[in-house]
Amino acid sequence: MDLLGYDKVIIGGSIYAGKIRKPAMRFCSDNLDILKNKKLGLFICGIADGDDARKQLESAFPKELLAVAVAKESFGGECNYDKMNFMERFILKKITGSNVSQSRIAEDNITRFANQMKNA
C-alpha cells in the first residue's frame, strides 16, 4: 500500500488474548518511518476498560507511533460466548470473571477519537 498520498492514517484492530492481531503489528513495523510523519490515529477494540485498556493500547503499537499519534483510544468491544469455542470461553472467563456475553462499546471514546482526527 502506498501511504505517501495520505495526510492522515488510522490503524486499529481487535485485541485477542491481550495482543493486537499480527497483520496490524506487521503493517506498523513495515511502514514505521512513513507513519511517523503522518497525522496518525491508533485504536484498539476489546472488552478491557480503564487501566487495562490503556496498557493494551500502549503495548499494541510501537512506542515511536504512540508518541506521535494525534488520537489514541480504546473503542471497547463485545464478546459473544455463543460464538466462541471452548478455549476462547475459558480464556475470557479467566480474564473477565464472567461467562456471560458482554457489550462494552465506548461511544464517547469513538466520538473523541473522530473529533481529534478531524481537527488534526
Side-chain angles (χ1 to χ4, degrees):
M1 171 179 249
D2 183 9
L3 297 173
L4 297 176
Y6 297 93
D7 296 327
K8 298 178 183 180
V9 177
I10 297 173
I11 304 167
S14 60
I15 297 296
Y16 187 76
K19 297 190 183 288
I20 198 163
R21 299 303 198 132
K22 287 182 183 178
M25 289 175 26
R26 193 172 318 118
F27 180 82
C28 290
S29 297
D30 291 350
N31 296 285
L32 188 63
D33 290 332
I34 295 169
L35 292 169
K36 288 191 296 188
N37 296 306
K38 301 292 180 183
K39 293 175 182 165
L40 184 62
L42 304 171
F43 74 90
I44 59 170
C45 296
I47 59 170
D49 54 10
D51 267 352
D52 290 336
R54 182 188 53 76
K55 288 175 186 173
Q56 287 179 348
L57 179 66
E58 290 173 357
S59 69
F61 299 100
K63 292 186 187 319
E64 299 94 331
L65 297 183
L66 288 162
V68 299
V70 297
K72 301 176 275 201
E73 287 290 349
S74 170
F75 289 175
E78 293 184 326
C79 61
N80 184 338
Y81 282 89
D82 296 334
K83 294 183 179 181
M84 295 179 190
N85 65 36
F86 171 79
M87 187 56 75
E88 291 168 329
R89 287 192 301 269
F90 176 79
I91 290 168
L92 276 170
K93 182 165 183 179
K94 285 289 248 190
I95 293 169
T96 66
S98 173
N99 61 354
V100 177
S101 294
Q102 300 176 36
S103 178
R104 296 183 188 170
I105 305 298
E107 292 182 21
D108 290 344
N109 293 8
I110 296 168
T111 300
R112 182 173 42 251
F113 181 91
N115 288 331
Q116 288 171 335
M117 289 304 297
K118 178 183 170 187
N119 297 322

With C45 via side-chain contact (heavy atoms from CB on, under 4.5 Å) - residues at least two apart: F43, F75

Any luck finding a side-chain donor-acceptor pair between N115 and R112 under 3.5 Å? no

Would you give the length of the straight line joining atom CG of L3 to atom CG of L40, rounded to the nearest 0.5 angstrom? 10.0 Å

Keeping to residues at least two apart or across chains, list the side-chain hydrogen bond (donor to acceptor under 3.5 Å, both in side chains) pairs with something in residues 56-65. R54-E58

With sequence neighbours left out, write down each residue that passes side-chain contact (heavy atoms from CB on, under 4.5 Å) with S14, or none if nothing qualifies. R21

Contact between E78 and I105 at the side-chain level, heavy atoms closer than 4.5 Å - yes or no? yes

Checking K8 now: which residues fulfil side-chain contact (heavy atoms from CB on, under 4.5 Å) with it, not counting sequence neighbours? K39, M117, A120

Are L32 and V70 in one and the same hydrophobic cluster, where Ile, Leu, Val, Met, Phe, Trp and Tyr link if side-chain heavy atoms are under 4.5 Å apart? no

Donor-acceptor check, side chain of K36 to backbone of V68, threshold 3.5 angstrom: yes or no? no

Which atoms form the tightest heavy-atom contact between A53 and S74, and what is the distance? CB-OG, 3.7 Å

Could I get the full list of side-chain contact (heavy atoms from CB on, under 4.5 Å) partners for Q102, not counting sequence neighbours? C79, Y81, T96, S98, R104

Are L65 and I34 connected in the hydrophobic side-chain network, where two residues link if heavy atoms are under 4.5 Å apart? yes

Rounded distance (nearest 0.5 Å) linking atom CZ of F113 with atom NZ of K72: 11.0 Å

What about I11 and L4, same hydrophobic cluster or not, with Ile/Leu/Val/Met/Phe/Trp/Tyr joined at side-chain heavy-atom distances under 4.5 Å? yes

Verify the neighbour count for atom NZ of K93: are there more than 12 heavy atoms of other residues, nucleotides or ligands below 6.0 Å? no

Sequence neighbours excluded, which residues qualify as salt bridge (charged side-chain N to carboxylate O under 4.0 Å, His left out) partners of D7? none

Cluster overlap Y16 with M84, hydrophobic side-chain contacts below 4.5 Å: no

Give, for atom NZ of K38 and atom CG of N31, the distance between the pair rounded to the nearest 0.5 Å. 10.5 Å

From the list I44, I20, I15, side chain to side chain contact (heavy atoms under 4.5 Å, CB included) partner of L57 resolves to I44

Can you name the closest pair of heavy atoms from A24 and G12 and give their distance? CB-O, 4.4 Å

The reported gap from OG1 in T111 to NZ in K118 (rounded to nearest 0.5 angstrom) is 11.5 Å

Count I, L, V, M, F, W, Y as connected when their side-chain heavy atoms are under 4.5 Å apart, and connections chain through other members. Are I10 and L66 then in the same cluster? no

